[in-house]
Amino acid sequence: MKISLAPIHYCWSKADTEHFYNQVAQSKVDTVYLGETVCSRRRELKFKDYLAIAHQLSDAGKNVVLSTMALIEAQSELTELKRYVDNGQWQIEANDMAGVQLASQAKLGFVCGPTINNYNRASLELLHKQGMTRFVMPYELSKAWLDNVMTPKPAFEVEVFGFGHIPLAHSARCFTAKHFNLNKDNCQTICQQHPKGLLVQTQDNQPLLRLNGIQTQSARCINLLSELDDMKQMGIDYWRLSARSIDDLVIAEQAFEQLAAPAISKADELQSHELGINQNTQLDCNGYWFGQAGMTSQTS
Amino acid sequence: MELLCPAGNLASMKAAFNAGADAVYLGLKNDTNARSFAGLNFNEQQLAKAIVLAKKQNKKIFLTLNTFPKPGEESRWYQAVDIAADLGLDALIVADLSLLDYAASKHKHLPLHLSVQASATNLAALQFYKENFNIERAVLPRVLSMKQVKDLAKVSPVDLEVFAFGSLCIMAEGRCHLSSYVTGQSPNTGGSCSPAQHVRWQDDGDDKLTRLNEVLIERSSKDQHLGYPVVCKGRYLSEHTHEPQHLLESPTSLNTLSLLPELAQAGIRSLKIEGRQRSPAYVAQVAKVWREAIDSYLRSPEQFVSQASWDQALAKVSEGQITTLGVYARQWQ
């Protein structure tokens with residue numbers, strides 16, 4: 001099993017983004033998904049900037065996939081999508097059926113991203129026929145679901161979102177702009193001032209969501225580090241990390257070391273939790289993996 | 001322009017047809033549709049009866065198969081497709097790729113409508129479904145502005161259906177996990193948004209608390225009008241404001257009566273009324289107003305003016321008694 005890095009979900013400045021990928025180039029990450037997937041009004045980095053980073057990461061030995069938008073509404077966004085599909089070098093991650101259509105028309109292989117509705121093997125086989133080489137399990141599905149879908153072993157690869165805030169929904173409305181009494185057409189890219197999104201709590205102070213422009217994320221952070229051994233045994237090909245900041249690249253190192261080490265017993269694992277290796281557990285969640293409400297936290 | 005109404009049961013279907021609906025959409029009594037509330041929907045016998053009644057009145061019935069089959073349990077969904085074909089329903093409303101494939105290859109003459117749950121919002125996505133499954137129509141998710149709807153209608157390879165009235169879903173449909181994140185039940189796999197068994201109201205002094213799977217999504221005064229509790233319409237605290245606010249959306253209903261001429265000129269094939277979980281009285285009231293409005297427009301398109309009495313009648317059956325143009329108005333976004 002390999003470690004992959006999700007596209008950055010937040011609006012970071014060009015300098016911060018480039019600094020981040022400089023570090024990624026030196027990390028234990030195998031595959032990097034790169035590109036703006038949330039909002040076409042975020043223009044800190046242009047197509048050519050992403051291509052430059054893609055070249056840099058490829059030169060550093062990383063596999064690069066160009067990620068595309070999750071919600072495509074305008075013709076201009078389709079035109080931009082076509083530029084990504086026709087880049088001539090790297091596969092795309094389709095996060096909307098438009099990406100599937102354009103890649104399939106161009107007879108190019110593609111990764112099916114987690115925001116495309118894949119709920120059964122027959123649908124995945126259809127997409128495989130269209131050129132899908134790998135799919136990322138939709139966020140809300142479980143280990144039991146995946147076990148079922150991976151039997152018999154499919155001809156395409158499988159990736160699971162293992163760490164990060166979960167993108168739960170996309171809307172036409174920009175919630176960050178709305179919060180600051182701006183509308184989307186005059187948003188001043190206000191989301192750039194919130195590089196981890198904006199925390200939303202219930203009226204009794206329970207962290208519930210994070211506002212990230214038109215995207216709504218979970219306040220809790222999925223953490224499936226403790227499931228790595230199980231996932232490896234299941235034959236899952238990629239474990240995906242979605243970084244909240246550059247500091248989260250340390251999670252990739254932890255995952256890599258865990259995968260390289262001999263399987264540890266559950267007792268050892270519990271002890272490592274107690275030693276504080278898995279910090280911030282209060283805001284972690286893993287419910288979806290166990291077939292529960294996504295925000296819950298279960299012990300396997 | 002077709003007026004398409006919701007039918008949670010036979011009584012609602014009759015109410016819709018009597019009030020002037022051209023067609024209704026309905027679902028089976030199981031998890032093959034995303035409104036699997038107790039007491040709603042049709043068994044096979046009721047469906048057969050509905051078809052007889054509809055055909056007599058020259059009206060249409062569309063079956064909603066808008067959930068995604070679960071691995072190992074696909075047969076229930078395939079059976080539903082076969083039932084629809086055997087009973088001679090007018091169309092199937094489907095989101096899942098494998099179901100579209102099954103229906104398109106096995107029942108070539110059964111018209112397919114792409115469900116809103118498939119979340120197709122652009123030309124390339126519509127082309128994908130047209131080329132692969134020969135869909136006739138697509139229901140647009142509530143994420144496009146009026147201008148985007150018009151632009152898409154000009155080039156769309158299939159007929160388009162839009163939401164005209166009803167509860168305002170503000171997320172790209174079929175790709176929203178807010179409810180499953182809190183409750184564990186996914187609308188996509190046969191649960192519903194905010195499943196009723198997870199909703200709990202509780203008095204707290206002068207306030208009323210609304211909880212979804214014990215998560216507090218609203219604290220309101222007892223006399224406040226509340227809609228059905230969903231995560232996206234709760235009031236919350238942000239990082240730097242300590243006053244509870246509707247940070248995503250307030251309880252409102254979509255009402256596009258004033259857009260009727262624009263929708264007609266754009267060539268929109270069908271106007272969809274939301275609310276299969278609502279009462280026959282709601283369906284009758286909404287269908288009556290929309291029938292009048294559509295007929296008034298068709299009689300003299302140039303003179304069409306949305307009547308205040310229509311809006312008043314619709315406001316009475318709206319969430320929070322407030323209506324909005326929602327996403328169709330760019331300003332809302």
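Chain identifiers are assigned alphabetically (A, B, ...) following the order of the sequence lines, protein sequences preceding nucleic acid strands; residue numbering begins at 1 within each chain.
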Interchain contact, [X] with chain B, by part (heavy-atom threshold 4.5 Å):
X      : value
A:E77  : neither
A:L81  : neither
A:L102 : side chain
A:D147 : neither
A:Q105 : side chain
A:L126 : side chain
A:L209 : side chain
A:E73  : both
A:S218 : both
A:L78  : side chain

Does [X], at its [atom1] atom, have more than 12 non-hydrogen atoms belonging to other residues, nucleotides or ligands within less than 6.0 Å?
X      : atom1 : answer
B:D204 : CG    : yes
A:K196 : NZ    : no
B:E243 : CD    : no
A:K107 : NZ    : no

Quick check on the interface: out of [options], who has the most heavy-atom pairs with chain A under 4.5 Å?
options                : value
B:D101, B:D151, B:T67  : B:D101
B:S119, B:A172, B:G234 : B:A172
B:P141, B:A125, B:C232 : B:A125
B:E249, B:E74, B:E73   : B:E249

Just how far is it from atom [atom1] of [X] to atom [atom2] of [Y], taken to the nearest 0.5 Å?
X      : Y      : atom1 : atom2 : result
B:K70  : A:L141 : NZ    : CG    : 11.0 Å
B:L237 : A:L208 : CG    : CG    : 11.0 Å
B:Q127 : A:M97  : CD    : CE    : 12.5 Å
A:L127 : B:L97  : CG    : CG    : 5.0 Å
A:K178 : B:L248 : NZ    : CG    : 7.0 Å
A:F175 : B:H246 : CZ    : NE2   : 13.0 Å

Determine whether a donor-acceptor pair (N or O, by modelled atom type, separation under 3.5 Å) exists between the side chain of [X] and the backbone of [Y].
X      : Y      : value
B:R175 : A:L71  : no
A:D96  : B:T121 : no
A:Q203 : B:R235 : yes
A:R121 : B:P71  : no
A:N117 : B:G174 : yes

Best-contacting candidate, [options], against chain B by heavy atom pairs under 4.5 angstrom:
options                        : answer
A:Q292, A:E125, A:Q75, A:H179  : A:H179
A:G99, A:A74, A:A98            : A:A98
A:L168, A:T115, A:T202         : A:L168
A:A177, A:G287, A:P207, A:A169 : A:A169
A:K82, A:H194, A:Q206          : A:Q206
A:S123, A:C187, A:G291, A:C174 : A:S123

Portion of [X] that has a non-hydrogen atom of chain A nearer than 4.5 angstrom:
X      : result
B:Y129 : side chain
B:T241 : side chain
B:A120 : neither
B:V231 : side chain
B:T189 : side chain
B:Q148 : side chain
B:Q185 : neither
B:Q117 : backbone
B:V327 : side chain
B:E131 : side chain
B:T183 : backbone

Distance-minimising heavy-atom pair for [X] and [Y]:
X      : Y      : value
A:D204 : B:R211 : OD2-NH1, 3.8 Å
B:Q331 : A:N183 : NE2-ND2, 2.8 Å
B:S186 : A:E140 : OG-OE2, 2.6 Å
B:Y236 : A:V200 : CB-CG1, 3.4 Å
A:P167 : B:H177 : O-CD2, 4.3 Å

Notebook entry, point to check: Quick one: does A:D185's side chain get under 4.5 Å of B:R330's, heavy atoms only?
Noted result: yes
Margin query: Counting C-beta onward and ignoring hydrogens, is there a side-chain heavy-atom pair between B:E239 and A:R210 closer than 4.5 Å?
Written below: yes
Next item on the list: Report the C-alpha separation of A:M295 and B:N213 in whole Å, then their side-chain angles, then the decisive distance to 0.1 Å, and conclude whether the side-chain contact (heavy atoms from CB on, under 4.5 Å) test is met.
Entry: CA-CA 11 Å; A:M295 68 188 296; B:N213 201 18; over 6 Å; no
Margin query: Ring-plane angle category for B:Y181 and A:Y288, please: parallel below 30°, perpendicular beyond 60°, tilted otherwise.
Written below: tilted
